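Please read the structure below before turning to the comments.
Remember, predicted model here, so these are calculated numbers, not experimental data. In what follows, every chain begins at residue 1, and chains take the letters A, B, ... in the order their sequences are listed.
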Amino acid sequence: MSADNESRAERIRRLLETEGPTVKQNAQGFNEGRYAAMADVDGERLRTEAREIKEDAIERLPELIETVRECVEANGGTVSLADDAADANEHIAEVCGDADSLVKSKSMTTEELDVNEHLAARGIDVTETDLGEFVLQVADEAPSHLIAPGFHKSTDEIADLFNARFDPAEPLETPEGLTAFARDHLGERIRDADVGMTGANFVLAESGTLALVTNEGNARKCAVTPDTHVAVAGVEKLIPSVDELGPMIELLARSATGQDIAQYVSLLTPPTDSPTIDFDSEEPIGGGAEDREFHLVLVDNGRFEMREDEDLKETLYCVRCGACSNSCANFQHVGGHAFGGETYTGGIATGWEAGTGGEASDGTDAGSISPASVEFNDLCTGCSRCVNACPVKIDVPWINTVVRDRRNRGADPSGIESLADGLVPDSESAGMDWGKRAFGNIDTLARLGSATAPVSNWLADSAPARALLERGLGIDARRDLPEFRRETLRDWDQRRTPGVASPLTDREAVLVPDVFTNHVDVDRGKAAVRTLEALGVPVRVADVTGTGRAPFSQGMIATAREKAEAVADALAPHLNVTGTAGERFRLADGSEASVNAGRDLVFVEPSDLAMVRAEYDKLLPAEQAENLADGSFEVLEYVYGLLENGVDPAPLTRGDGEELTYHAHCQQRTLGLDAHTEAVLGRLGYDVATTEAECCGMAGSFGYKADYYDLSVAVGESLAAEVEAADGAGEGANDDTDRRVVASGTSCEEQLTDLLDRPATHPVELLDPARGPTSE
Amino acid sequence: MSTLAATFTDALDGLGVESTRTTAAGFPDALAATVEGPAVGTPLPFDGVSLDGADVAVPPTPDQLRTAKTGVTPVFGGIAEYGSVVVESRPEGDELVALYPERHVAVLRESDLVAGVDDATDYLRERFEAGRDSAVLATGVSATADMGATVEGVHGPREVRVIVLSDR
Ligand code: SF4
C-alpha cells in the first residue's frame, strides 16, 4: 500500500509543478467564461430541456438506432453498430478499404477505441487535424481535458516540440506562428487524404444528420474534402431530430468555453451534395457528389450495459463539454493526467471509464463495467460545484460515490480485516481501504476521542502515533489533528438552562450537530444556540450526531444509508409533517426554502445540510427524504429567514463596519445559500468581501490524506491568495490591513487557519451575543 | 432597418465581422468593395444579383480554390442574435468556397434572417424536409486557443464579410 501511495503522491506533486500552472490558467479561464456566458440565458430552463431530451433519447435508444439506420441507408450511406472496441476497429478498417491516408477531426470516442493505433497497424497514415489533438499526436501524449486535449501545454512547450520535430526554417515561437505552421501542414494532409473521419456531437436520427461543433473548422474540412467520410459515434449521441438541437446548441459552447455559440455548428447529412474535389485536377469543381461515400459507425462498447445500470446510466447524458472539469478545484490544479483515466478526464471520467472498460487497448475489458480501474475518482471530493455547471444536470459526484462504493466492495480482504469489524461498526466489505474506513466511521472515533480526551489528543499527536496513522491510515503527518473536547455540545446543552423564557416567534429549532461541532469545534455550536435563542427561538440539540456525510464521501453507501435511516428516525418526532410544505422563507431573488409546520432542523455544517437536502433522496424513501430536506436549514439561512420575517436583530453582535472576507462552503454555494450569509453579515454592519475559489481543497478527509496533501494545499493556497489579495496591503499576518476571515465549513476553516496564520471563524460566531462588540 | 437586421449587424460587430447593407442595385459596388483578389465564388440564386461580370471565378478549379484570397457564396439564413450565417452544402460547392479561402464573403437576403436559435432550428427543419439537409451555422471566423492564446484563421477563414441585401 505505501509504495503505491508514494508513487501516487509523487505523481501528483510532479504534475502540480509541471502541468499545473498551465492547466490552472486554462481551466479557470473556461470556468469564468462559463459563468459569464450562462448569465445571459435562462440556464435553468435550457438545462432542464437538455436533460429531458437526453433522458428521452437514451430511453428510446434501440428505436433511434433503427431510425438512423433506415435513414442513412436511404440517403446512400452505411451504418454499423459495433459491440466493442475490437468490433468497431474492424468495421472502421473495413470501410476504409485500401485507403493510405486518413485525416481526423477531434473525437473522444475514437480515442476510447484506440482507432489510430489500429489503423496505423494496417498501414493507414492517420493525422489528427484539431490543433490540440495534433500537438498531442506529435508529443505522443494522452489528452488532459475533454474539449481542449492539449490544455496542459504552454506555447513555449509546443514551440519546442514543433521545432524539434519539424525543424522549420525559422524557429516557431508565437501562437500565431505555430497556428499558421500547423494549418499549412495539416491543410496539405487534408487535401491529400483518402478518408475523412469525424466524431459527432449529436446524431439526428430522423434525418441521418451529424451535428459537429468546432471552432477551427477542421471537422467541416475533413468531412467535405476526401470523398469518403467515416463518422464514429457512441450510441448515446443519438437524439431524435433537429427539433431537439436548439438547447444543445445554446448550452454546449457556453458550458464548454464560455462562447455564446461555437464558430461552426455543422449539420451534415452525408453523403452531402457538396461536389467532390481532387486537388490534382484542372477541371472546375462541380458534380461528383454521387461519388461520395459515407459510413456511420455507432459504438456500444459498454454503453448498453450502462443504460441498464441505474447509477451509471446518467453518464450517457453527458455531452462532453468539460464544464465539470473546469469547475473542479482539484482538476484546475492538477489536470486530467492525474484526474482522468485512459481516455476521459475530470469527474465524469469515472462514469465513462468504468462503463466503457477504460482499457480498450488490449480489448480485454472493453464493454464491461470496471470500477476497479478508476482509482483517480478519489480526486472527486464531492464538493458538488460541477452539479450546477453541468448542462444536462448530471450528478457527477454521485457517480463518483457509487463507483467508489463498488471499488470498496471489490477490494480484496487483507489481513487486518478482523480488527476492523470490532472497531468500526459499518456495513462495508472487510477488504476496503483502511484510511477510508477510518474516515467513514469518524463519528465512532470522535465519540471515543471525546470520552478519553485529553489523553486521546496527547496520544494521537505523539510522533509514533502520527507515523502509525500515516502508514496505516494514510493520514498526512503534516496536518494538525482535530482536538477532541471532553465536553461535547450535547453534554453542554443537557446541562444548561434554556435561554428563551418566552418565545418571540412560533418557531422552535433543533440544532443537528455534525461530528466536528459536537466533539471538536464545540464553540461554534454554542454560538449557534445562543444566536437563535437571542432571536427568540427556543433551541435544543438533537440527540443524533452527523448525517452520514463521512461514510458517504468514502463511498460507503450502505453505512451512509444506515446512518441516514437512524437520523430520520431520531429527527422524525420533531417534524410535524402535514404533507404540504408550510410557510416559506423567501429570498429577494425569488429563491425560497420551505418550512414544515413543526420544529425546524438547523445545521451549522453546510456539508451535513447538503447531505440532507441533496443526497438523502438517494438513500431514503422519497417522502421521508423530502420531509427532512424541507425542514432543514443552514444556520445563517435560518437567521436570514427570521430577520426577513420581522425578528429584531438587536440582540446580535454587530460588525460596525468591520472588514471581513467570507469564503462560502462549496456545497453551500451549490445550494445557493452563500447569499443568505452575505446578506445577514451585510445587514449587521460587516463589510463583506467574498472569494471566487470553487473549493478550499480540504474537503473533509481529503486534505488529511497523505496521497493528496500536496494537491489539497495547492488548492488551498489559491484560496488563501484570494484572501490576501482582498486584504489589500496584505503580506504580513495580523497587521492592521488584514480582514477577518470567515468560512462556513469546518474544512474551509481548518484549511484557511492552516494556510493563513490567522484563525478563520464560522459566521455564526460573529453574531453570537456572548461575543461582545469588541471581543475576538 | 428592421430590428432583426439591426440586431444582426450588432452581433456581427461584436464578432469583428464587417457587414454592408445594400439593395440589389447597389450589390456590384458592395461586392467590389469587399472582394480582394484572386476571388472564387458560387452562383447567387437571389433575384437581381449575380457574380457575372465581377472578377470572381465561378466555378473555380481546385487550384483557384486553394490559392484564392476571397470566396463569395450565398448564405441561406442568418441568426440575428449571434451573427451566424447558414452555409448550405449545395452542389455548386458553397461549403468548399466558404471554407478554403482566407476571406469568406457571405451574401444574405435580409428576409432570411431569424431571431434566435429556436427560430433557426424551426427554419432548418423546414429546409431539411425539403431535402436541403446539410448546412453549417457559421459564426465569425475560424479560431483556436490550442497554441496557448486565441488565434484567428485556422482551418477556415480568417476574415468574414457579410453583404445583406436589404430589398431581398
Ligand atoms: S458531465 Fe456534464 S459538465 Fe461534465 S462533461 Fe459531461 S455534460 Fe459536461
Side-chain angles (χ1 to χ4, degrees), chain A residues 26 129-132 134-135 148 150 153-156 158 175-176 178-180 182-183 186-187 190-191 207 209 215-218 220-221 224-225 241-243 245-246 249-250 257 260-270 272-275 277-287 289, chain B residues 11 14 40 42 57-66 79 81-84 87-100 116-118 120-122 124-125 128-129 131-157:
Chain A
N26 288 330
T129 64
D130 171 86
L131 261 45
F134 177 59
V135 168
K153 286 214 167 314
S154 66
T155 305
D156 289 348
I158 301 169
E176 292 76 17
L178 288 162
T179 302
R183 173 186 58 218
L186 296 171
I190 296 172
R191 289 195 300 275
S207 54
T209 305
N215 287 330
E216 295 181 0
N218 60 316
R220 293 173 66 184
K221 225 167 190 169
V224 74
T225 309
S241 73
V242 70
D243 292 343
L245 201 58
I249 295 179
E250 294 270 30
T257 55
D260 294 344
I261 186 171
Q263 254 80 3
Y264 302 118
V265 178
S266 302
L267 303 175
L268 302 179
T269 308
T272 70
D273 290 339
S274 288
I277 184 162
D278 172 2
F279 281 92
D280 294 329
S281 159
E282 313 256 301
E283 291 298 306
I285 60 167
Chain B
V40 297
T42 55
V58 185
T61 65
D63 200 50
Q64 284 172 322
L65 179 72
R66 191 172 59 79
I79 303 179
E81 189 183 356
Y82 295 144
S84 315
V87 177
E88 211 174 270
S89 301
R90 290 195 305 157
E92 289 84 349
D94 296 10
E95 168 67 335
L96 290 161
V97 170
L99 186 58
Y100 269 87
V117 164
D118 281 349
T121 52
D122 288 349
L124 286 167
R125 161 162 282 276
F128 272 36
E129 279 165 3
R132 302 175 70 168
D133 54 9
S134 291
V136 178
L137 304 180
T139 310
V141 302
S142 151
T144 187
D146 287 346
M147 296 296 168
T150 301
V151 178
E152 301 195 329
V154 196
H155 295 288

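- In this structure, the separation between CG on B:Leu99 and OG1 on A:Thr225 is 6.5 Å, given to the nearest 0.5 Å.
- The closest side-chain heavy-atom distance from A:Ile285 to B:Pro62 is below 4.5 Å.
- Across all their heavy atoms, B:Gly140 and A:Tyr264 have their closest contact at O-OH, 4.4 Å.
- In terms of modelled atom types and a separation under 3.5 Å, the side chain of B:Thr61 and the main chain of A:Glu282 share no donor-acceptor contact.
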Original post:
Does the pair A:Phe134 and B:Asp146 meet the rule for a side-chain contact (heavy atoms from CB on, under 4.5 Å), with working shown?
Top reply: CA-CA 10 Å; A:Phe134 177 59; B:Asp146 287 346; over 6 Å; no

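- Most heavy-atom pairs under 4.5 Å with chain A, from the set B:Ala57, B:Ala143, B:Ala138: that is B:Ala143.
- There is no contact between B:Val40 and chain A, counting heavy-atom distances below 4.5 Å.
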Original post:
For B:Thr121 and A:Asp243, what are the C-alpha separation, side-chain angles and deciding distance, and is it a side-chain contact (heavy atoms from CB on, under 4.5 Å)?
Top reply: CA-CA 6 Å; B:Thr121 52; A:Asp243 292 343; 5.9 Å; no

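- Neither the backbone nor the side chain of B:Thr42 comes within contact range of chain A; no heavy atom of the residue lies under 4.5 Å from a heavy atom of that chain.
- Proximity of A:Thr179 to B:Val154: side-chain heavy atoms (C-beta onward) are separated by under 4.5 Å at one or more points.
- In this structure, A:Leu268 and B:Ser89 have side chains that are in contact, with non-hydrogen atoms separated by less than 4.5 Å.
- In this structure, chain B has a heavy atom under 4.5 Å from the side chain of A:Ile158, while its backbone stays farther away.
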Subject >> Audit row: A:Glu250, B:Val117, side-chain contact (heavy atoms from CB on, under 4.5 Å) steps and yes/no >> reply: CA-CA 7 Å; A:Glu250 294 270 30; B:Val117 164; 3.6 Å; yes

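- A:Arg220 places a side-chain heavy atom less than 4.5 Å from the side chain of B:Val136.
- Most heavy-atom pairs under 4.5 Å with chain A, from the set B:Pro91, B:Gly148, B:Pro59, B:Gly156: that is B:Pro91.
- The distance from the OG atom of A:Ser281 to the CG atom of B:Asp63 is 10.0 Å, given to the nearest 0.5 Å.
- In this structure B:Thr144 satisfies the side chain to side chain donor-acceptor pair (under 3.5 Å) test together with A:Glu216, sequence neighbours excluded.
- Side-chain atoms of A:Ser241 and B:Phe128, non-hydrogen and from C-beta on, never get closer than 4.5 Å to each other.
- Salt bridge status for A:Asp273 with B:Arg90: absent, with no side-chain N to carboxylate O gap under 4.0 Å.
- The shortest side-chain heavy-atom distance between A:Thr155 and B:Met147 does not fall under the 4.5 Å cut-off.
- Contact of A:Thr257 with chain B is not made at all, since no heavy-atom distance falls under 4.5 Å.
- Here the CZ-OG1 distance, from B:Arg132 to A:Thr269, works out to 13.0 Å after rounding to the nearest 0.5 Å.
- Contacts between A:Ala180 and chain B at a heavy-atom distance below 4.5 Å are absent for every atom of the residue.
- Interatomic distance, A:Asn215 CG to B:Thr150 OG1, rounded to the nearest 0.5 Å: 9.0 Å.
- Among B:Gly116, B:Pro157, B:Ala135, B:Ser84, the residue making the largest number of heavy-atom pairs under 4.5 Å with chain A is B:Ala135.
- Using modelled atom types, no side-chain atom of B:Arg125 and backbone atom of A:Val242 make a donor-acceptor pair closer than 3.5 Å.
- Looking at B:His155, its side chain never comes within 3.5 Å of a backbone N or O of A:Leu186 through a donor-acceptor pair.
- In this structure, chain A has heavy atoms under 4.5 Å from both the backbone and the side chain of B:Glu95.
- Residues satisfying the ring-ring contact (aromatic ring centres under 6.0 Å, His included) criterion with B:Tyr100, sequence neighbours excluded, are A:Phe279.
- Residues B:Leu137 and A:Ile249 meet the side-chain proximity criterion, which asks for heavy atoms closer than 4.5 Å.
- Neither the backbone nor the side chain of A:Asp156 comes within contact range of chain B; no heavy atom of the residue lies under 4.5 Å from a heavy atom of that chain.
- When A:Asp130, A:Thr129, A:Asp280, A:Val135 are compared by the number of non-hydrogen pairs under 4.5 Å with chain B, A:Thr129 comes out ahead.
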